[in-house]
There are 2 protein chains.
Amino acid sequence: MRRPTIADIARQAGVSKGAVSYALNGQPGVSEATRARILAIAKEIGWRPNLAARTLNGARAHAVGLALCRPARFLGVEPFFMELISGIEAELSARSYALLLQVVGDHEAEMGVYRRWWGEGRVDGAILVDLHVDDPRVPQVQEMGMPVVVLGHPSAAGSLVPVWADDSSAVRETVEYLVALGHRRIARVAGLPQLSHTAIRDRAFGDVCADLSLDSCPIVHTDYTGEEGARATRRLLSSPERPTAIVFDNDIMAVAGLSVAQEMRLDVPADLSIVAWDDSPLCQVVRPPLTVLTRDIPAYGAHAAQRLLALIDGAEAGPLEDEAPRLTTRGSTAPPA
Amino acid sequence: MRRPTIADIARQAGVSKGAVSYALNGQPGVSEATRARILAIAKEIGWRPNLAARTLNGARAHAVGLALCRPARFLGVEPFFMELISGIEAELSARSYALLLQVVGDHEAEMGVYRRWWGEGRVDGAILVDLHVDDPRVPQVQEMGMPVVVLGHPSAAGSLVPVWADDSSAVRETVEYLVALGHRRIARVAGLPQLSHTAIRDRAFGDVCADLSLDSCPIVHTDYTGEEGARATRRLLSSPERPTAIVFDNDIMAVAGLSVAQEMRLDVPADLSIVAWDDSPLCQVVRPPLTVLTRDIPAYGAHAAQRLLALIDGAEAGPLEDEAPRLTTRGSTAPPA
DNA sequence: CCCCTCGGCTGAACCGGTCCAGTGACCCTC
DNA sequence: GAGGGTCACTGGACCGGTTCAGCCGAGGGG
C-alpha cells in the first residue's frame with residue numbers, strides 16, 4: 001500500500017496535478033467547487049504532503065537544529081536544557097517545525113553536525129547555546145550563512161542574533177540584598193570559566209563587591225557537578241575568612257553546598273546563607289528551601305525559537321533582551337548570626 | 001552562492017550525472033581513476049548530498065522520532081529523559097541518523113505527531129516511551145506500519161519490539177534487603193498509576209510483601225513531583241502504623257521525603273530508611289546520601305536505538321531484556337532503631 | 001578475422017511535489 | 001460583434017539525486 005500522492009488525487013478528481021497542488025495549498029487557480037472536491041478526496045485517501053518533495057523545490061526543511069555540547073552526565077543533572085527544549089518546542093510545534101537534536105562531544109563535532117545538517121538541507125536554521133569566550137563557532141556559522149540565534153550576551157554573538165538576559169543586574173541585585181542583610185564576606189561558586197556567561201557573572205560579582213567595598217569576595221570555578229560544588233564549599237568554609245554567604249551558579253551545587261554546611265554543623269541560614277542560580281523543584285524540596293535566582297527558561301527558549309523562525313522567514317530580527325533573573329527569597333538566606 | 005550539486009561535479013569532471021552518482025556511492029560502473037577524480041572535485045567544491053533528493057527516491061529519511069508526553073515542568077525534573085536521549089543519540093549519530101524530538105501535551109497529540117512525521121516521510125521509525133496500561137498508541141502505531149521500538153514491558157507492547165528491564169526483580173531485591181535489615185513496615189511512594197511500569201512495580205511490591213508476610217505495605221500514588229512526594233511521606237509518617245522504610249519511585253520524591261523526615265525530627269536512617277529509584281547526582285549530594293536502584297539509562301536508550309535501526313534495516317528484531325536495576329546501598333538505609 | 005563479452009560510461013526516466021506559460025471558455029464593453 | 005480581460009485549468013519544466021537500459025570500444029576466444 002503505497003502512500004497516496006497528488007497524482008492519485010488528480011486521477012480520481014479528473015484534473016491535473018497542478019490543479020491539485022493549487023487546491024491543497026489554498027492558492028488561487030481553482031474554483032471553490034473543485035477545491036472542495038479535491039480536499040475531500042485528499043482527506044479520504046489520507047494524503048500527506050511528502051516533505052522531501054517539497055524541500056526539493058527549494059521550500060523550507062521545516063526543521064531547526066540544536067546541538068548540545070556537554071557530556072551526557074552533565075546534561076542530565078540540570079533541568080535547564082530540558083526546560084529550554086520544551087520552550088523551544090512549544091514555539092516550533094505551533095508552526096509545525098521539528099527540532100533536530102544532537103548531543104556532541106566537542107565544538108568541532110558540533111560544527112560538523114551543523115555543516116552536515118545545513119549542507120544536506122535538513123534544517124533551516126539553528127540555535128547556538130553555551131557560548132564560550134571568543135567562541136570559534138560564531139565566525140564559523142556566520143560564514144556558513146545559516147540563520148542562527150544565539151542564546152547569550154550580544155558581546156559574544158558577533159553579527160548573529162542574540163537572545164539574552166541581564167545576568168549582571170541579577171548578580172548585583174543578589175549581592176546588594178545579601179549586603180543589606182548584613183553580609184560582608186560573600187563567595188561565588190561559579191561554573192566553567194570558559195563559558196561566556198560565567199565570565200560576565202564573574203565580572204559583575206567583582207564589580208559590585210568593589211563598589212560596596214566588601215571584606216572578601218572569592219570566586220571558585222567548577223564544572224557544575226555536585227562533587228565540585230561540595231569541594232568548593234568545603235574549601236571556602238574551611239578558610240580563615242569564612243564567607244557568611246555563598247552564591248552558587250546552579251541548583252545542584254547549591255544543594256551540595258547545603259549538605260556540606262550541615263555536615264560541618266553550620267546552620268543554614270544562621271551561619272551561612274545560600275543562593276542558587278535557576279530555580280527547580282529541587283530547591284524547594286530541601287530544608288531549608290533555597291533562595292534562588294529565577295528565570296522563565298521555557299520562555300527564554302520560546303523567544304529564541306520565535307526569533308529564529310522570523311530570521312528564517314527573511315525578517316530582520318534584532319537582539320532580544322529577555323527578563324533578567326529575579327531573586328526569589330526562601331529560607332536559605334538571613335542576616336549572619 | 002548555490003549549494004553545489006552532482007550536476008556541477010559532472011560538468012567539471014566532464015562526465016554524466018550518473019557516473020558521478022556511481023562514483024560518490026562507491027558503486028561499480030566507473031573506473032578507479034574517474035572515481036578518484038570525481039571524489040576530489042566533490043571534496044574541493046564542498047559537495048554534500050541533498051537529503052531531500054535522496055529521500056524522494058525512496059531512500060531512508062535518516063531520522064527517527066521521539067515524542068515525549070509529559071508536561072514540561074515534569075520533564076525538567078527528572079534526569080531520566082536527558083540521559084535516555086543522550087544514549088539514543090550516541091547510537092544514532094554513529095550511523096548519521098538524526099533524532100526528531102517533540103514534547104506533546106497528550107497521547108492524541110503524540111499520535112498526530114507520529115502520523116505526520118511518518119506520512120511526510122520525515123522519519124523512518126520511532127521510539128515509544130511511558131507506556132500506559134492498555135495503551136491505545138500500541139495498536140495505532142502497529143496499524144501505521146511504522147517501525148517502532150517500545151521502552152517498556154513486553155506484556156504492554158503488543159506486537160511491537162520491546163526493550164525492557166525487569167523492574168519486578170528490582171522491587172523484590174529491595175524489599176528483601178530491607179526485610180533482612182529488620183524492617184516489617186515498608187511503604188512505596190509510586191508514580192502515576194496509569195503508567196504500565198508503575199502497575200508492574202505495584203504488583204511486584206504487593207507480591208513480595210505478601211510472600212514475606214509483612215505487617216504493612218501501603219502504596220501511595222503521586223505525579224512524580226517533589227510536592228506530592230513530600231505530601232505522601234508526611235501522610236505515611238503521620239499514620240499510626242508508621243513505616244520504617246519507604247521506597248520512592250524517583251529521586252526528587254526521595255529527597256523531598258528525606259526533607260519531610262528531617263522536618264519531623266526523624267533520623268534517617270535510624271528512624272526511617274529511604275530508597276530512591278534511579279540514581280542521580282542529587283542522590284549523592286544530600287545527607288545522608290541515598291540508597292538507590294541504579295540503571296544504566298544511556299545504555300537503555302542506546303539499546304532501543306540499536307533495535308530500531310535494525311528494524312528499519314528490515315532485520316527481524318526480537319525483544320531485548322536489559323540489565324535489571326541494581327541496588328546501590330548508601331547511608332539512607334539501616335536496620336530500624 | 002569475426003563475434004562475443006564486459007567494463008565504463010551516457011541519456012533519460014523517475015521520485016512527488018511546485019510553479020509558470022499557455023489555452024479555452026466565458027463575460028463585459030464599446 | 002470584435003476586442004480585451006478574467007477565470008479555471010492543463011501541460012510540462014524543474015528541484016537533485018538514483019537507477020536502468022543501452023551504447024561504444026577494447027580484449028579474448030574460436
Side-chain angles (χ1 to χ4, degrees), chain A residues 1-39 41-42 45-63 96 116-124, chain B residues 1-39 41-42 45-63 96 116-124:
Chain A
M1 55 173 226
R2 236 179 64 269
R3 277 200 258 274
T5 73
I6 57 164
D8 298 324
I9 302 179
R11 205 175 319 111
Q12 276 198 45
V15 295
S16 70
K17 272 171 56 179
V20 174
S21 178
Y22 293 139
L24 293 171
N25 292 298
Q27 289 185 21
V30 283
S31 66
E32 280 314 310
T34 310
R35 186 188 303 276
R37 192 156 43 93
I38 288 172
L39 287 175
I41 295 174
I45 66 176
W47 175 84
R48 300 258 172 181
N50 179 317
L51 204 88
R54 282 200 168 153
T55 306
L56 198 49
N57 281 293
R60 316 259 85 115
H62 286 270
S96 287
R116 190 161 61 78
W117 280 349
W118 181 242
E120 289 177 347
R122 215 194 246 277
V123 299
D124 301 323
Chain B
M1 54 173 225
R2 236 178 62 270
R3 277 200 260 272
T5 72
I6 57 165
D8 299 324
I9 301 178
R11 206 176 319 112
Q12 276 199 44
V15 295
S16 70
K17 273 170 55 179
V20 174
S21 177
Y22 292 139
L24 292 171
N25 292 299
Q27 288 186 23
V30 283
S31 66
E32 279 314 310
T34 310
R35 186 188 302 275
R37 189 154 47 92
I38 288 172
L39 287 174
I41 295 174
I45 66 176
W47 176 84
R48 301 256 171 181
N50 178 315
L51 205 85
R54 280 199 169 155
T55 306
L56 198 49
N57 282 293
R60 315 258 87 113
H62 286 271
S96 286
R116 190 160 61 77
W117 281 349
W118 181 242
E120 289 177 346
R122 212 192 246 280
V123 299
D124 301 324

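Every chain is numbered from 1 and lettered A, B, ... according to where its sequence line falls, protein lines coming before strand lines.
- In the region residues 8-20 of chain A, proximity to DNA chain C at under 4.0 angstrom, judged on heavy atoms, holds for A:Lys17, A:Gly18.
- Between A:Ala13 and A:Arg37, the shortest heavy-atom distance links the atoms O-NH1, 2.7 Å.
- In terms of heavy atoms, B:Asp124 sits closest to B:His62 at OD2-N, 2.8 Å.
- In this structure, B:Ser21 reaches the bases: a heavy-atom distance under 4.0 Å links it to at least one base atom across the strands shown.
- Remark: side-chain polar atoms of B:Arg3 are paired, donor with acceptor, to backbone N or O of A:Trp118 under 3.5 angstrom.
- From the 5' end on, the contacts that DNA chain D makes with chain A at under 4.0 Å to a non-hydrogen atom open and close at D:dA8 to D:dG16.
- Near DNA chain D, meaning a heavy atom under 4.0 Å away, the residues from residues 46-63 of chain A are A:Leu56, A:Asn57.
- Taking A:Ser16 as the reference, A:Ala19 meet the side-chain contact (heavy atoms from CB on, under 4.5 Å) condition, with sequence neighbours excluded.
- Smallest separation of non-hydrogen atoms from B:Ala23 and B:Leu39: O-CD2, 4.3 Å.
- Fit an axis to the five pairs at each end of the helix from C:dC1-D:dG30 to C:dC30-D:dG1 and the two axes sit 60° apart, to the nearest 10 degrees.
- Note that the first and last nucleotides of DNA chain C, 5' to 3', having any atom under 4.0 angstrom from a heavy atom of chain B are C:dG8 to C:dG16.
- The heavy-atom pair separating B:Gly121 from B:Ala61 by the smallest distance is O-CB, 3.3 Å.
- Contact detail for A:Pro4 and A:Gly46: the closest heavy-atom pair is CG-O, 3.7 Å.
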Distance-only donor-acceptor hits, side chain of residues 26-34 of chain A, under 3.5 Å, sequence neighbours excluded:
residue : atom : partner : partner atom : Å
A:Ser31 : OG   : A:Thr34 : N            : 3.3
A:Ser31 : OG   : A:Thr34 : OG1          : 2.7
A:Glu32 : OE2  : A:Arg35 : NE           : 3.4

Name the atoms and distances for all side-chain donor-acceptor pairs under 3.5 Å in residues 47-55 of chain A, with sequence neighbours left out.
residue : atom : partner : partner atom : Å
A:Asn50 : OD1  : A:Ala52 : N            : 2.7
A:Asn50 : OD1  : A:Ala53 : N            : 3.1
A:Arg54 : NH2  : A:Asn25 : OD1          : 3.2
A:Thr55 : OG1  : A:Leu51 : O            : 2.7

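- In this structure, B:Leu24 and B:Ile9 have side chains that are in contact, with non-hydrogen atoms separated by less than 4.5 Å.
- Sequence neighbours left out, the pairs with a member in residues 7-25 of chain B that pass salt bridge (Lys or Arg N to Asp or Glu O under 4.0 Å) are B:Arg2-B:Asp8, B:Asp8-B:Arg11.
- Taken residue by residue, residues 24-38 of chain A places heavy atoms nearer than 4.0 Å to DNA chain C at A:Asn25, A:Gln27.
- Annotation: side-chain contact (heavy atoms from CB on, under 4.5 Å) contacts of B:Asn57 (sequence neighbours excluded): none.
- For the pair A:Arg122 and A:Ala63, the tightest heavy-atom approach, listed with the atom from each and the gap, is O-CB, 3.6 Å.
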